[in-house]
Amino acid sequence: MEKTFNLARREDGIAILTMDVPGETMNTLKAEFGPEITEILAEIKADSSIKGLVVTSGKADSFVAGADITMLAACKSEADAKALSQQGHVVFSELEGLSIPVVAAINGACLGGGLELALACHLRVCSDDKKTMLGVPEVQLGLLPGGGGTQRLPRLVGIATALDMMLTGKQIRPKQALKMGLVNDVVPNSILVETAVELAKKGKQAAKPVKQSKINQFLESSSFTRDIMFDQARKQVMKKTQGNYPAPAKIIDCVRQGMNKGMVKGLEVEATHFANLVMSKESAALRSLFFATTEMKKETGAEGAEPRKVNKVMVLGGGLMGGGIASVTTTKAKIPARVKDISEQGLSNALSYAYKLLDKGVKRRHMTPAVRDNIMSLMTTTTEYTGIKDADIVVEAVFEDLALKHQMVKDVERECGEHTIFASNTSSLPIGQIAAAASRPENVIGLHYFSPVEKMPLVEVIAHKTTSPETIATTVAFARKQGKTPIVVQDGAGFYVNRILALYMNEAAQLLLEGQRVEHLDRALVKFGFPVGPMTLLDEVGIDVGAKISPILEKELGERFKAPAAFDKLLGDDRKGRKNGKGFYQYGPKAKKAKLVDESVYKVLDILIASDKEAKDVAERCTIQMLNEAVRCLEEGIIASPRDGDIGAIFGIGFPPFLGGPFRYIDTLGAGNLVATLRSYQTLYGDRFAPCETLVNMATEGRQFYSH
Ligand SMILES: C[C@H](O)CC(=O)SCCNC(=O)CCNC(=O)[C@H](O)C(C)(C)COP(=O)(O)OP(=O)(O)OC[C@H]1O[C@@H](n2cnc3c(N)ncnc32)[C@H](O)[C@@H]1OP(=O)(O)O
């Protein structure tokens, strides 16, 4: 069997231990490495000629990307998972206990168990490479650092910093890692191992005291003050997670017990909590997202088709969406983008949108002014169709007006090359209708971004009947270069995401009209796990935008999409939401910092406030139609798979990740139970709740969407 670890002795007495998992792209930690590493550690201990040890990786892109998540997912019981954590504890303690200095030389991803391995070394050096990032992202998988991280990290960088890293899962760049004392040096990759060797030769050194604010020094100084800090952290995470995610509270408990009762106790608590989390349904759902997104990175979107290279992009429309699209094209994909708008004002808006985003990076010291200016130089503007003949993709982000979009298709076909792709960022118009004006419809596709473009991870790539596979593959690859997760969906009003969202929003509106308070509706859905409630969302997106989409969906998809008629009164009262400072909530200079409902909205809608319904009933009534419609989209072939439907809902509208997406959630609920609930709502509130055929069949046959 090929070995994972290689120990090379140098003449100067420093040995280099290189980890290189055979046949895999990245190093990950697996239980089966246990005997091999134990043997090597014994060999090192027995060899008095070894005066120091450097631990490094043979992979170009990773030090170690953590414990193997597939191995964790395969655990059958808490006992299995606890054994894994304890095995890690033993090996890392042995490494830490070596009498010779041990230095980790880190290049590339050093995450989760990988960072825990590095923490067990006495010193750490990392490369300044762009790929080098350090962190403990376990919380994003519904887990906690189970290889001693909850104990060693706070002891190295301080409790406050360690909690911040563990509770957010954020990745730390080399410079920042040096500043916070996570690594001892940052050097170019070419001299990484040599620097680590030199450090090892200097011998073990006492860790430099962590630079802490006065308040944190005080808070970390006694168990009494530490407890205040832990209680505060607990309150904050409960507020943020609404108690839906068990990992954060367990992370805090591990640190509390370890810092107050010592490392041995801390490790014991860590292994127990880790095991419990590995077996939790929340972690299973979050792990499924990791597997889904990793799998999707390899797909071209159209079987057998290869993407063409995109060297130049044009964006039509310099509004919020156009500015955002141009910005991710230049900043993330590093592809030149030419923005066209009819007005100079539109163009300067787009430029300043992109500039402000980049400048934020400069202010936070994530980039230099020179890099910002370089990226800005990739963005040019025009009011005419000039300098775009060789554009590979034109992304249209103008008003939702079919005639205008037809004009754009014709203009682009006239002004650009035969191969130029016309991608429409429409949120509601069927792409087939837009392509009807094209003489090269195979080049026409939908590319639906979500607002704000630079933040929202999803794009829907919409193929109409005759979009060519090459156009699909090129658009998918382009979106990925922009840092997006694309899902390919079929053409149809509202595509996938807006279609399932519309029913959810309509039901929230219906509940409002029945007298449920605005803030109660929002709280109920936030408690369920959405990042914001439906009323806040409508204010953010624009009540006018919602009102424009609704009739299109109703016309194309039927009566169940009919928005409550009373909502027209909102527009009659010029209530568009945040953008004009008039919506469900108060805005503007007079508004208090704490968000307050604009109570006058009840009068406009003739609402008599009723007593609050149970939050879980409110959430169920709004989300159940979303679930039903998601299945209908699968039934109609709008989405290709439950996996795409889950990723689309989570990344597009923030469907609670701990539920794994609508389809995984249906599996948890059971199709039979869901159908029964839908039918009871149907009796009470009408046919918009009628369960779709697939769900009914699944209920009869006892089927699930996923086999695991
Ligand atoms: C006990 C411990 O405390 C518990 C843990 O350590 S839990 C694990 C914590 N670590 C993580 O969460 C990191 C997970 N990995 C990532 O975020 C990303 O892979 C990355 C940022 C490291 C690299 O991203 P990117 O360059 O886009 O590469 P990506 O396509 O995701 O991954 C490359 C390959 O490595 C695999 N991989 C990366 N990290 C992995 C992990 N921790 N477990 C299993 N496989 C992993 C991917 O599945 C993929 O495999 P493939 O080539 O066979 O498809």
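For ligands, and for the atoms within them, numbers begin at 1 and follow the listed sequence. Scope of the values below: all heavy atoms of this structure, side chains included, with no hydrogens, waters or symmetry mates. Since this is a predicted model, take the numbers as computed values, not measurements.
One finds no salt bridge joining E96 and R155 here, because no Lys/Arg side-chain nitrogen approaches an Asp/Glu carboxylate oxygen to under 4.0 Å. Remark: R256 engages D231 in a salt bridge, criterion side-chain N to carboxylate O under 4.0 Å. Salt-bridge annotation for K45 and E94: present, with a side-chain N of the basic residue lying under 4.0 Å from a carboxylate O of the acidic one.
Between T70 and ligand 1, no pair of N/O atoms sits closer than 3.5 Å. Residue M26 has no N or O atom closer than 3.5 Å to an N or O atom of ligand 1. Polar contact with ligand 1: present for K298 (N/O pair, distance under 3.5 Å). Note: no N/O pair closer than 3.5 Å links F274 and ligand 1 by distance alone. On a distance-only criterion, P137 and ligand 1 share no N/O pair closer than 3.5 Å.
The closest approach between M133 and ligand 1 falls below 4.0 Å for a heavy atom of the residue.
Under 4.0 Å from ligand 1, not a single heavy atom of E24 appears. Residue contacts with ligand 1 for T28 involve side-chain atoms from C-beta outward but no N, CA, C or O (heavy atoms, distance under 4.0 Å). When non-hydrogen atoms are compared, ligand 1 lies under 4.0 Å from the side chain of L141 (C-beta onward) but not from its backbone.
The residue from K59, E116, Q87, K30 that puts a heavy atom closest to atom 2 (C) of ligand 1 is E116.
Among all protein heavy atoms, the one lying closest to atom 44 (C) of ligand 1 is D68 OD1, 3.3 Å. Ranking protein heavy atoms by distance to atom 52 (O) of ligand 1, first place goes to T25 OG1, 2.8 Å. Nearest non-hydrogen protein atom to atom 3 (O) of ligand 1 is E138 OE2, 2.5 Å. Nearest to atom 43 (N) of ligand 1 among the protein's heavy atoms is I69 N, 2.9 Å. Nearest protein neighbour of atom 27 (O) of ligand 1, counting heavy atoms only, is K297 NZ, 2.8 Å. Closest to atom 16 (C) of ligand 1, if we only count protein heavy atoms, is F290 CE1, 3.9 Å. For atom 39 (N) of ligand 1, the nearest non-hydrogen atom of the protein is A65 CB, 3.5 Å. The single protein non-hydrogen atom nearest to atom 49 (C) of ligand 1 is T294 CG2, 3.7 Å, given as residue, atom name and distance.
Contact of the D20 side chain with the N6 side chain is not registered, since no non-hydrogen atoms from C-beta on lie closer than 4.5 Å.
Atom CD of E43 is separated from atom OG1 of T38 by 12.5 Å, given to the nearest 0.5 angstrom. A distance of 10.0 Å separates CG in L458 from OH in Y496, rounded to the nearest 0.5 Å.
Distance alone, capped at 3.5 Å, places no donor-acceptor pair between the H122 side chain and the V103 backbone. Between the side chain of N184 and the backbone N or O of R124 there is at least one donor-acceptor pair closer than 3.5 Å.
Listed by first and then second residue, the salt bridge (charged side-chain N to carboxylate O under 4.0 Å, His left out) pairs involving residues 264-291 are K82-E268 (not counting sequence neighbours). Screening residues 475-488 for side chain to side chain donor-acceptor pair (under 3.5 Å) gives T329-Q482, Y449-Q482 as the qualifying pairs, with residues at least two apart or on separate chains.
Within a 4.0 Å radius of atom 36 (C) of ligand 1, the protein contributes no heavy atom. Not a single protein heavy atom sits closer than 4.0 Å to atom 20 (C) of ligand 1.
For the residue pair S127 / N107, a side-chain donor-acceptor distance below 3.5 Å is found, with atom types taken as modelled.
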